[in-house]
Amino acid sequence: MQKKLKLWDAIMLVMGSMIGSGIFIVSADMMRNLGSGYWVIVVWIITGIMTVAAAISYGELSALFPKAGGQYTYLTEIFGKKMGFLYGWGLFTVIQTGTIAAVAMAFGKFTAYLVPSLNNAAPIFQSGEFQITWIQIVAIIIILLLTYINTRGVESGKLLQNIFTGSKVIALLGLIAAGFILVDVSHLAENFSFGTDSFNNLKKDLSGTFLKEGWEPIGGMTLLGGIAAAMVGSVFSSVAWESVTFVSGEIENPRKNVVKSMIYGTSAVMILYIAVNYVYLNALDRDSIAFAANDRVAVAASQNIFGSAGTIIIALLVMISTFGCNNGLILAGARVFQTMAKDGLFFKSAVENNKNEVPGNALWMQGVWASLLCLSGQYGNLLDMISFVIVLFYMITVFGVIYLRLKQPDLERPYKTWLYPVTPIIYLLIGSGFCILLLIYKQQYTWPGFLMVLLGLPVYYFINRNKKEIH
């Protein structure tokens, strides 16, 4: 692997892979679960703390194993091939490809916002509930275009990543500034007037639309359930920062630069996210956030900030954001599948680099499967399931830091987790709370994704059926 990525490129990859479509949408569902601006901000702060704590913990592993494959490599080195495979299986079937599909569909939907004929066009194909729309075709074109660009060499992917990540960070900073300067009526005091009180128990009408009259005070365990449900959105918006570990083999001085990029990148994004949510709370009242049309909180806020031009401004920002996000996900994910192939746990043809020194076959396999997920229309359901699974794998990896310290205390560690063992324990406690509360209150977000990963076990045993020893 040629070392073509510098520290700045790695930071742009972290930030670009994190900032997709979530931050523009998920705050509506978070407000419906909590009914209070205070608690929405608290959930974003909790998510920020756990995300940065995980990044700091991963730093120790990235310095110990500065190879391509990142989290897959860490899990394989610490817990064996079976655990590594289950992660890689989940990554290929749902986590990476499902996220690529969902982000591409968000690009398609906001393109349709600017080109209404895309929205109004009849489906290309329909059979019962299954249909293929022009928005899905736009999403697939974007996936295949970005896959092609990344097969042209890491320089192409890097340039695209830096341009689009830089553009969306500048645009978000502009939105944050405008959100406080240009708003005629501030709703901030009103949204924080509920204090630590929280509200939920919203009812739906016969068409499934939430009724605005349904707010009722909640507390105790019901509030904890609301926090966990709200965190599904904030966690989904804050994942994929570990993508930078997948390309460790192509980063200059990976022992230092991977950990720096993760800590700087995640910290910057979480500060941006909290600031953007303050903009929503400043520009909109509680009902306008909770019941924003199609959950597009950013569109509603932008209309209050910029007037009628707000819709176009946000649509363009989301298109820039999702395009850059998918580039980062596509660039990084293929490196894991190539590493798995080298370990005999993925299609053999994924091993080879193409003439541009990138894993061309792995890129196309990832792109084709993500495109099929777009056509299936199930990516949204898949993503609801995977926040739980992603956090489980994060927890196993963070626990790996503690496990290695106990098992191999004399291992030379070029970087040691800051405030160890407090930092990994903070992540494990918050992650455990999140997963347990979801298991109690929102089981539909948990077991389907977990089952999908467990389906990898028979696949693993099938792949290894002729090997004498299975670890």
Side-chain angles (χ1 to χ4, degrees), residues 5-24 26-27 40-59 62 70 99 103 158-180 231 233-248 251-254 256-280 298 317-318 320-329 331-332 390 394 415 417-419 423 426-427 430:
L5 301 173
K6 296 182 168 56
L7 174 60
W8 177 254
D9 304 319
I11 293 170
M12 288 292 98
L13 182 58
V14 170
M15 295 181 71
S17 299
M18 286 178 77
I19 307 171
S21 55
I23 186 60
F24 305 105
V26 297
S27 297
V40 169
I41 294 297
V42 165
V43 166
W44 279 107
I45 291 170
I46 292 170
T47 307
I49 290 168
M50 71 185 284
T51 303
V52 176
I56 291 168
S57 304
Y58 271 51
S62 74
T99 307
V103 171
K158 176 179 88 172
L159 179 65
L160 211 59
Q161 194 64 23
N162 291 354
I163 291 170
F164 276 86
T165 302
S167 302
K168 66 182 164 188
V169 169
I170 291 165
L172 278 174
L173 290 171
L175 177 68
I176 292 161
F180 289 99
M231 279 181 70
S234 59
V235 166
F236 169 66
S237 304
S238 310
V239 296
W241 49 267
E242 76 282 2
S243 289
V244 74
T245 69
F246 302 164
V247 294
S248 295
I251 294 174
E252 276 185 5
N253 194 358
K256 287 186 177 177
N257 286 342
V258 174
V259 62
K260 283 182 181 176
S261 68
M262 287 193 291
I263 295 170
Y264 297 161
T266 53
S267 302
V269 169
M270 296 318 300
I271 290 166
L272 272 177
Y273 280 0
I274 292 165
V276 168
N277 276 275
Y278 268 102
V279 168
Y280 297 157
L317 174 51
V318 175
I320 290 167
S321 180
T322 48
F323 194 83
C325 175
N326 250 354
N327 182 66
L329 295 170
L331 186 156
I390 291 171
Y394 280 162
Y415 164 83
T417 298
W418 184 60
L419 290 181
T423 307
I426 285 173
Y427 186 84
I430 298 175

(Q) Measuring only between side-chain heavy atoms, which start at C-beta, is Met15 closer than 4.5 Å to Lys168? (A) no
Scanning both residues in full, the closest heavy-atom pair of Thr165 with Gly16 reads OG1-CA, 3.3 Å
query: When you measure from the side chain of Ser267 to the backbone N and O of Tyr264, does any donor-acceptor pair fall under 3.5 Å?
result: no
Can you list the steps and then say if Val239 with Tyr394 is a side-chain contact (heavy atoms from CB on, under 4.5 Å)? CA-CA 10 Å; Val239 296; Tyr394 280 162; 3.6 Å; yes
To the nearest 0.5 Å, atom OG of Ser234 lies from atom CE of Met270 at 7.0 Å
Checklist entry - Quick check: does any side chain N or O of Glu252 sit under 3.5 Å from a backbone N or O of Lys6, one acting as donor and the other as acceptor? => result no
| query | Given side chains that start at C-beta, do those of Ser238 and Val269 come closer than 4.5 Å, heavy atoms only? | reply | no
CG of Leu331 to CZ of Phe246, rounded to nearest 0.5 Å, is 11.5 Å
- Item | Flag, side chain of Ser321 to backbone of Leu317, donor-acceptor distance under 3.5 Å | no
Correct closest heavy-atom pair for Leu329 and Ala240 would be CD2-CB, 3.7 Å
When rounded to the nearest 0.5 Å, the distance separating CD of Glu242 from OH of Tyr58 is 6.0 Å
* Asked: Which is it for Ile23 and Asn277 under the side-chain contact (heavy atoms from CB on, under 4.5 Å) test, yes or no, and what are the steps along the way?
  -> CA-CA 8 Å; Ile23 186 60; Asn277 276 275; 3.6 Å; yes
| message | So Trp8 and Asn162, do their side chains get closer than 4.5 Å, heavy atoms only? | response | yes
- Item | Ser261 and Leu7, any side-chain heavy atoms less than 4.5 Å apart | yes
Quick one: does Met12's side chain get under 4.5 Å of Asp9's, heavy atoms only? no
Nearest heavy-atom approach of Cys325 to Ser17 is SG-O, 3.4 Å
Of all heavy-atom pairs linking Ala332 and Ser243, the shortest is CB-O, 3.4 Å
- Does some side-chain heavy atom of Thr51 sit less than 4.5 Å from a side-chain heavy atom of Trp241? yes
| query | Given side chains that start at C-beta, do those of Val247 and Leu5 come closer than 4.5 Å, heavy atoms only? | reply | yes
One should read off an interatomic distance between Thr266 OG1 and Ile11 CD1, to the nearest 0.5 angstrom, of 10.5 Å
For Ala10 and Ile251 the tightest heavy-atom approach is CB-CD1, 4.1 Å
OH (Tyr273) and CD1 (Ile19) are apart, to the nearest 0.5 Å, by 5.5 Å
- Query: Quick one: does Phe323's side chain get under 4.5 Å of Leu160's, heavy atoms only?
  - Reply: yes
Minimal heavy-atom distance between Ala298 and Tyr280, with the atoms involved, is CB-OH, 3.5 Å
Applying side-chain contact (heavy atoms from CB on, under 4.5 Å), run through Trp44 and Ser27 and close with a yes or a no. CA-CA 10 Å; Trp44 279 107; Ser27 297; 4.0 Å; yes
